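Order of the sequence lines sets the chain letters (A, B, ...), proteins ahead of strands, with each chain counted from 1. Please read all numbers here as calculations on a predicted model, not as lab measurements.
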There are 2 protein chains.
Amino acid sequence: MGIEERRERERSARKLNIVRAARKLFYEKEFKDVTVAHIAKKAELSKGAVYLYFKSKEEIYGQILLSELDKTYNVALSSLRNEQSAQKMLIAFAEIYIDTFLKDRESFRKIMTFMLQTDHLNLSENLNQSLIKSANKTMDIVGTILQRGVEEREFPPNLDIWQSRNIIWGMLNGIISLYLFSGKEVSREKVIKSMIRAGLNHLVEGTKTSTKQKKAICA
Amino acid sequence: MGIEERRERERSARKLNIVRAARKLFYEKEFKDVTVAHIAKKAELSKGAVYLYFKSKEEIYGQILLSELDKTYNVALSSLRNEQSAQKMLIAFAEIYIDTFLKDRESFRKIMTFMLQTDHLNLSENLNQSLIKSANKTMDIVGTILQRGVEEREFPPNLDIWQSRNIIWGMLNGIISLYLFSGKEVSREKVIKSMIRAGLNHLVEGTKTSTKQKKAICA
DNA sequence: TGAATTATGGTCAATCATTGACCAAAGGTC
DNA sequence: GACCTTTGGTCAATGATTGACCATAATTCA
């Protein structure tokens, strides 16, 4: 049924158009300073039409965050494609992840702000769950790399993958938070990447030394 | 008013979509074998929607012819841009005109068929007039070139421009009709162009010789 | 500090746009 | 010539959208 398909395409296009318009405004101003009337105007629709596609202002915002998170995940996935050591993969992942936010600092700000106040946004349970799930997907890439390291006997078999993943994740986002919005722009990339590279190397060496020390004690 | 502008753009886009769908079908089949239901289906609209934008099936067809004629005119206009002799301009015009239809033979067929039965199509007076006018515009390029030839003293000052224009126009279309749909495709372009070039040269020389003979008789 | 005013998220009756069943007429078949 | 099929064109019903309106929150002012 071409007519029904065309209508569906039009609905999708209209929804995407609203999201694009809203995204621009949310990136220019704070959430509370953006009005639904303004979003509607930019999308060349009425307010009623915006509410046809979205339950609330928060739903629009959440949808934007969701697509940011999904995009970040899809980009970071490429770090799994090269056959190389787990340590090198971790560094490759981190660099791709950092690049994503160097290109779009506002995206990082929004995502991190959301993480800090998931209970404040008044999103539907469904959307909230999707956001958490999407964020976790990217985090899980780190876990996948660590698991490979253990399987290739590069990391100790008793490595606590869940804990290590979270430590790496925290360090990554913590360092990016420290330097993404401050310091000299010309050296920002270098500072962040070298610091994270050093931190990852230290962490990896630490897991190996821990195993050697345990073996030494047993001898 | 963004909303009204968006609605206008959507109406234009929908109309263009109908014309595109119809054009494909009219180029595959005869006018009478194409149904409005089929056009609607190809455009992914209902029949009622098609009649929202067009008064009748003939109106759609006429609109398509109009855009073909306008396109032909715009392409042919470029022959007026080069500063050269009127004779060379005529040949340049002819070659551009021929190329248009070598690329799209069906366009030529449709336009010529229309010329042969303007009274059969049952178009609105308005659309009919637009079609005639558009066809005449292209023809008038020939007249413009001839006028320049007279002004540059390349052609005799007493040249009947209207008559000469029609002679050239008739010869052009007559020769194209003869060879566009028959003969070997590989030599088609060469045959048509060389024949028209020869015909134009003969006609031009004929206008010059006519003036010389008149002068000789007066002496 | 409370009243008045303004701004805005969200709603819904009115309006606009589209659909496809229906009809009349033309063409085809037996 | 009666009957059937096809199709151009129509329009009541339905889907999509609009923007005035309302309730509530935030802001301003005396």
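Taking side-chain N and O atoms only, B:R6 has no distance below 4.0 Å to OP1 or OP2 of D:dT17. In this model, the phosphate group of C:dA17 is not approached by any side-chain N or O of B:R14 to a distance below 4.0 Å at OP1 or OP2.
In this structure, CD of A:E44 is placed 16 Å from C1' of D:dG19, rounded to the nearest angstrom. Atom pair B:E10:CD and D:dT18:C1' shows a separation of 13 Å (rounding to whole Å applied). Nucleotide C:dT18 holds its C1' atom 17 Å from the NZ atom of B:K15, rounded to whole Å. When rounded to the nearest whole Å, the span between CG of B:L52 and P of D:dG8 equals 17 Å. Rounded to an integer number of Å, the gap from B:L25 CG to D:dT7 P is 13 Å. Between B:I39 atom CD1 and C:dG20 atom P there is a gap of 17 Å when expressed in whole angstrom units. Atom-to-atom, CD1 of A:I3 to P of D:dA16 comes out at 13 Å; the value is rounded to the nearest Å. Taking atom CG on B:L45 and atom P on D:dT14, their separation rounds to 21 Å, with Å as the unit.
Between B:F101 and B:Y97, the ring-plane angle classifies as perpendicular under the 30° and 60° cut-offs.
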(message) Walk along nucleotides 7-16 of chain C from 5' to 3' and tag each nucleotide B, S or - by protein heavy-atom contact under 4.0 Å, base first, then sugar-phosphate.
(response) -SBBBB---S
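Salt bridge present: B:R11 and B:E4 bring a charged side-chain N and a carboxylate O closer than 4.0 Å. Salt bridge absent: A:R165 and A:D160 never bring a charged side-chain N and a carboxylate O closer than 4.0 Å. For the pair B:E95 and B:R197, the salt-bridge criterion is met [side-chain N within less than 4.0 Å of a carboxylate O].
Within the cation-pi definition used here (under 6.0 Å to the ring centroid, within 45° of the axis), B:R109 qualifies as a partner of B:F181. For A:K57 and A:F31, the positive end sits near the middle of the six-membered ring, less than 6.0 Å away and at most 45° from its axis.
The stretch residues 15-24 of chain A participates, sequence neighbours left out, in these side chain to side chain donor-acceptor pair (under 3.5 Å) pairs: A:R23-A:E68, A:R23-A:D104.
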(message) Both atom distances under 3.5 Å, Watson-Crick or G-U wobble: I'd like the secondary structure of DNA chain D as a dot-bracket string, with | for pairs made across strands.
(response) ||||||||||||||||||||||||||||||
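Taking a 6.0 Å sphere around NZ of B:K193, one finds it holds more than 12 heavy atoms contributed by other residues, nucleotides or ligands.
Residue-level contact check: B:Y53 touches the backbone only, with heavy atoms under 4.0 Å from sugar-phosphate atoms and none from bases.
Going from atom OG1 of B:T144 over to atom CG of B:L80 covers 6.0 Å, rounded to the nearest 0.5 Å.
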